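Index from 1, following the sequence. Counting starts at 1 for both ligands and their atoms, in listed order. Please read all numbers here as calculations on a predicted model, not as lab measurements.
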Amino acid sequence: MMATKIGIAADHAGKELKQLIGEFVRMKNYEVVDYGVAVDSAKSVDYPDYAAILSADVASGKLDLGVLICGTGIGMCITANKFPGVRAACVWDEFTARMSRAHNDANIICLGARVINHHRAAELVNLWLDTPFEGNRHKARLDKIREIEKKLSVR
Ligand code: RB5
């Protein structure tokens with residue numbers, strides 16, 4: 001069986017947390033692809049650039065899942081959800097981490113490095129990865145999101 005491929009990306013506000021989450025996810029035997037920004041980079045970067053390269057690969061199926069980190073998680077989440085097929089969720093506690101998988105089948109988790117501490121962030125990623133999608137009525141709701149994406153897409 002092929003390993004689940006997870007992309008990770010962050011801006012300057014999230015690069016240290018990205019490093020830690022990358023190591024944590026590797027320890028859980030996932031294949032990790034790091035989209036930057038490099039932890040030793042001194043520059044201030046724009047979160048949409050990093051959200052976009054990772055989200056494009058989730059949308060195309062090159063990645064199974066993604067982790068996006070900025071100061072709040074919000075900018076990454078707004079950008080990621082522009083990509084059809086991406087269901088990005090900004091998560092800050094156990095309930096939102098669990099529900100984003102169980103009900104929304106979120107394929108990208110967005111974290112705020114200035115909102116939660118590193119230990120908590122790793123716990124939430126762990127919970128997010130280990131929670132299965134419940135399907136059934138929730139699947140029908142995701143199908144409706146797909147329909148909206150189709151209607152809005154430029155032909
Ligand atoms: C960068 O200062 C900050 O705006 C960014 O990391 C993020 O919080 C945006 O949503």
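- Proximity to Gly71 (heavy-atom distance under 4.0 Å) selects the following atoms of ligand 1: 5 (C), 6 (O), 7 (C), 8 (O).
- Here the closest heavy-atom approach between residue Lys62 and residue Lys5 is recorded as O-CD, 3.4 Å.
- The proximity of Ala13 to ligand 1, defined as any non-hydrogen pair under 4.0 Å, is limited to the side chain.
- At least one N or O atom of Asp11 sits closer than 3.5 Å to an N or O atom of ligand 1.
- No path of Ile, Leu, Val, Met, Phe, Trp and Tyr side chains, each step under 4.5 Å between heavy atoms, connects Val32 with Leu63, placing them in separate hydrophobic clusters.
- Smallest separation of non-hydrogen atoms from Ser100 and Val91: OG-CG2, 3.9 Å.
- A salt bridge between Arg120 and Glu94 is present, with a side-chain N of the basic residue lying under 4.0 Å from a carboxylate O of the acidic one.
- Proximity of Lys28 to Leu129: side-chain heavy atoms (C-beta onward) are separated by under 4.5 Å at one or more points.
- Closest to atom 8 (O) of ligand 1, if we only count protein heavy atoms, is Thr72 N, 3.0 Å.
- Counting only heavy atoms of the protein, atom 4 (O) of ligand 1 lies nearest to Tyr47 CE2, 4.6 Å.
- In this structure, Asn117 places its CG atom where more than 12 heavy-atom neighbours from other residues, nucleotides or ligands lie under 6.0 Å away.
- At the top of the distance list for atom 1 (C) of ligand 1, counting protein heavy atoms only, stands His12 NE2, 3.6 Å.
- The residue Met76 has no part lying near ligand 1, judged by heavy-atom distances below 4.0 Å.
- From the protein, the heavy atom lying nearest to atom 2 (O) of ligand 1 is Arg114 NH1, 3.3 Å.
- Summary of contacts: the protein heavy atom closest to atom 10 (O) of ligand 1 is Gly75 N, 2.9 Å.
- Applying the ring-ring contact (aromatic ring centres under 6.0 Å, His included) rule to pairs touching residues 19-72 yields nothing, sequence neighbours excluded.
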